[in-house]
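First the structure, in the form of structure tokens, and then the observations on it.
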Amino acid sequence: KKLSIIKKYLKITPKTKLLDVGCGTGVSSQFDCFVTGVDPSSELLKIAKKNYPKVKFVKSSAEKLPFKNKSFYVVVSLTAIQNFNDLEKGLKEIKRVGKKFALSYLKKSSKAKEIEKSLKNIFKEFRVKRIEAKSFVWNPGSRRVLEKSGFKYEGTLNKSVFKNGKLIEEWVFGRIK
């Protein structure tokens, strides 16, 4: 469902060139267009290549993307930003190689405050239209924090995360400029 929300807002077509930063096992690289996924983990990319053979996967960190300026129409980074070694440098690289952006992060990350601070700058500097955040449905405290931060509830992703041996639901929130 997250991918369909992104496709709806960014109007992705089969000819779109899309970069997935922090693609991991490739789950977030499932778009019907020209997709390139990048991740610093060889092990995760090995799984991604096996599961999604039509997608081009490249070993790289977000902080040093091996692509020319504005080479992608869309850059997505879905629940990976909190794993960047250098948040500011990674976001600047995303801006450098892309024209439009879809970014999300884990609100419970230890870097959440740093990310939230950067989000304000992103709206100004990147001309971002929408930022996404998620919360587990069993955590109403996170929902309140997101709503106080200007995020609006958009829907529930049923059985979207595998945690502790169970498929659980997530709330999806968006913050639109």
Donor-acceptor pair, distance only, cut-off 3.5 Å: does the side chain of [X] make one with the backbone of [Y]?
X	Y	answer
Lys59	Leu45	no
Asp20	Ser29	yes
Ser60	Lys64	yes
Glu169	Val137	no
Glu93	Leu65	yes

Ser77 and Ile94: side chain to side chain contact (heavy atoms under 4.5 Å, CB included), yes or no, with the steps?
CA-CA 9 Å; Ser77 185; Ile94 286 172; 4.3 Å; yes
Looking at [atom1] of [X] and [atom2] of [Y], how far apart are the two atoms once the value is rounded to the nearest 0.5 Å?
X	Y	atom1	atom2	answer
Lys152	Arg175	NZ	CZ	10.5 Å
Phe173	Arg143	CZ	CZ	4.5 Å
Lys134	Thr156	NZ	OG1	12.0 Å
Cys33	Leu18	SG	CG	4.5 Å

Looking at Val74, Val35, Val75, which one forms a side-chain contact (heavy atoms from CB on, under 4.5 Å) with Leu19?
Val75
Using the rule given for salt bridge (charged side-chain N to carboxylate O under 4.0 Å, His left out), can you reason through Glu43 versus Lys46, listing the C-alpha separation, both sets of side-chain angles and the distance that settles it, and then say yes or no?
CA-CA 5 Å; Glu43 291 302 313; Lys46 186 177 177 182; 5.1 Å; no
Using a 6.0 Å cut-off, check whether atom CG of Asp32 has over 12 heavy atoms from anything other than its own residue.
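Open: at most 12 neighbouring heavy atoms sit under 6.0 Å from CG of Asp32.
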Lys70 NZ: over 12 foreign heavy atoms closer than 6.0 Å
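Enclosed.
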Minimum-distance pair of heavy atoms, taken over all atoms of Asp39 and Gly24
OD2-N, 2.8 Å
If you compare all heavy atoms of Phe57 against all heavy atoms of Cys23, which two are closest, and at what distance to 0.1 Å?
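Where Phe57 meets Cys23 most closely, the heavy atoms are CD2-SG, 3.7 Å.
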Less than 6.0 angstrom from the centroid, inside 45 degrees of the normal: does Lys99 satisfy that with respect to the ring of Tyr73?
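Geometry flag: not set, cation outside 6.0 Å or 45°.
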Under a single-linkage definition using a 4.5 Å side-chain heavy-atom cutoff for Ile, Leu, Val, Met, Phe, Trp and Tyr, are Phe34 and Val58 assigned to the same hydrophobic cluster?
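Different clusters.
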For the residue pair Trp138 and Phe136, does the interplanar ring angle fall in the parallel (under 30°), tilted (30 to 60°) or perpendicular (over 60°) class?
parallel
Can you label the angle between the Phe67 ring and the Phe72 ring as parallel, tilted or perpendicular, going by 30° and 60°?
perpendicular
For Lys92 and Arg96, run side chain to side chain contact (heavy atoms under 4.5 Å, CB included): C-alpha distance rounded to whole Å, both residues' side-chain angles, the deciding distance at 0.1 Å, then the answer.
CA-CA 6 Å; Lys92 284 182 179 179; Arg96 181 183 66 76; over 6 Å; no
Pairing residues for [X] by the side-chain contact (heavy atoms from CB on, under 4.5 Å) criterion, not counting sequence neighbours:
X	result
Arg144	Pro140
Thr25	Val27, Leu44, Ile47
Ala62	Val21, Phe84

